[in-house]
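Order of appearance sets the numbers: ligands from 1, and atoms from 1 within every ligand. Atoms considered below: every heavy atom in the structure, side chains included; atoms not considered: hydrogens, waters and symmetry mates. For this chain, numbers begin at 1 and follow the sequence in order.
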Amino acid sequence: MTESDERQEKHKIKQQRLKEKVDASIAQATKDKGLLLVITGDGKGKSTAGFGMAARAVGHELKVAVCQFIKGTWECGERNLLSKHGVEFSVMNTGFTWDTQNRETDIAAAETVWADALRFLQDESINLVVLDELTYMMAYDYIAMDRVIEALNKRPAMQHVVITGRGCPREIIELADTVSKIQSVKHAYQDGVRVQKGIDW
Ligand code: ATP
Ligand code: MG
């Protein structure tokens, strides 16, 4: 056996063992359920991850609905695309911004989008609900966390929900099935680069 044959043989055995391990662990996961996923942390990519799952679900002809809880840049590439594919959007286009001025109008705007969220969370025909930036509504106490937890608990058993936003409350993280915390290593904004079309919105 040449040195290269020996290397190949060792590699094969190692890969076989790895495959057995992976197969055994896959065989253990046999359940199906509607998942609650949280994408939090201060790195870039939370909303994109949420919209990515929406696009993935639409690609399988699943029914998707999205609530956007922050008045952001008026345009939104994902909304332009996904709404053409039957995704219903509820957008907070008045009220809450970073430079909050009026708590009353903010709360009213939050409640309007939350009413749509409740409708989505009661609709068995919707497979995936994305609640983009919902964490801020709870942090500002515009929507009480208990109401959010109650609606999540009462939703159809097979419905998936994605919540995005920084500073997700501990209680929601505990309730969730899958939680990812995106860490910021660096961001172009800190280097004076403004938001870029197709990348940031
Ligand atoms: P994205 O929508 O790009 O997935 P995100 O949802 O993770 O970002 P948000 O906190 O919702 O982040 O902020 C939205 C905007 O702020 C985006 O334009 C994004 O590029 C920018 N942003 C995200 N993370 C950072 C960061 N660590 N520093 C500066 N700007 C950021
Ligand atoms: Mg976001």
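Contact annotation for Asp200 and ligand 1: heavy atoms of both the backbone and the side chain come within less than 4.0 Å of the ligand. With a heavy-atom cut-off of 4.0 Å, Lys46 touches ligand 1 through backbone and side chain alike.
Between Arg155 and Glu124 there is no salt bridge, since no side-chain nitrogen of the basic residue lies less than 4.0 Å from a carboxylate oxygen of the acidic one. Taking a cutoff of 4.0 Å between a charged side-chain nitrogen and a carboxylate oxygen, Asp116 and Arg119 qualify as a salt bridge. Between Glu150 and Lys154 a salt bridge is recorded (basic side-chain N to carboxylate O distance below 4.0 Å). For the pair Glu174 and Arg170, the salt-bridge criterion is met [side-chain N within less than 4.0 Å of a carboxylate O].
Here's the thing with Ser47: one of its N/O atoms is less than 3.5 angstrom from an N/O atom of ligand 1. When only interatomic distances are considered, the shortest N/O to N/O separation between Gly43 and ligand 1 falls below 3.5 Å.
Using a distance-only test at 3.5 Å, with no hydrogens or angles considered, a donor-acceptor pair links the side chain of Gln159 to the main chain of Ile126. Judged purely by atom type and a 3.5 angstrom limit, His160 uses its side chain to pair as donor or acceptor with the backbone of Leu35. The backbone N or O of Gly41 lies less than 3.5 Å from a partner atom in the side chain of Lys46, making a donor-acceptor pair.
Note on residues 181-195: no pairs pass salt bridge (charged side-chain N to carboxylate O under 4.0 Å, His left out), not counting sequence neighbours.
Atoms of ligand 1 lying under 4.0 Å from any heavy atom of Thr48, numbered from 1 in the order shown and given with element: 1 (P), 3 (O), 4 (O). Atoms of ligand 1 found under 4.0 Å from any heavy atom of Ser184 (numbered from 1 in listed order, with element): 27 (N). Those atoms of ligand 1 that come under 4.0 Å of a heavy atom in Tyr189, given as number and element, are 29 (C). Shown in contact with Val195 at under 4.0 Å from a heavy atom are these atoms of ligand 1, numbered in order with element: 18 (O). Shown in contact with Glu133 at under 4.0 Å from a heavy atom are these atoms of ligand 1, numbered in order with element: 11 (O). Atoms of ligand 1 lying under 4.0 Å from at least one heavy atom of Asp42, given by number and element, are 24 (N), 26 (C), 27 (N).
The option from Arg194, Gln190, Gln196, His187 that lies nearest to atom 22 (N) of ligand 1, judged by heavy atoms, is His187. Evaluated by nearest non-hydrogen atom to atom 24 (N) of ligand 1, the leading choice among Glu78, Arg166, Lys186, Gln183 is Arg166.
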Candidate pair Thr164 and Asp132, rule side chain to side chain donor-acceptor pair (under 3.5 Å), full reasoning: CA-CA 5 Å; Thr164 79; Asp132 187 39; 2.5 Å; yes
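In Gln15, the CD atom is crowded: over 12 heavy atoms of neighbouring residues, nucleotides or ligands sit closer than 6.0 Å.
Counting only N and O atoms by type, the side chains of Tyr142 and Asp106 include a donor and acceptor under 3.5 Å apart.
Distances shorter than 2.8 Å separate the Mg ion (ligand 2) from the protein N/O/S atoms Ser47 OG, Glu133 OE2.
Residue contacts with ligand 1 leave out Thr164, since none of its heavy atoms falls under 4.0 Å from the ligand.
When all heavy atoms of Cys168 and Val38 are compared, the closest pair comes out as SG-CG1, 3.7 Å.
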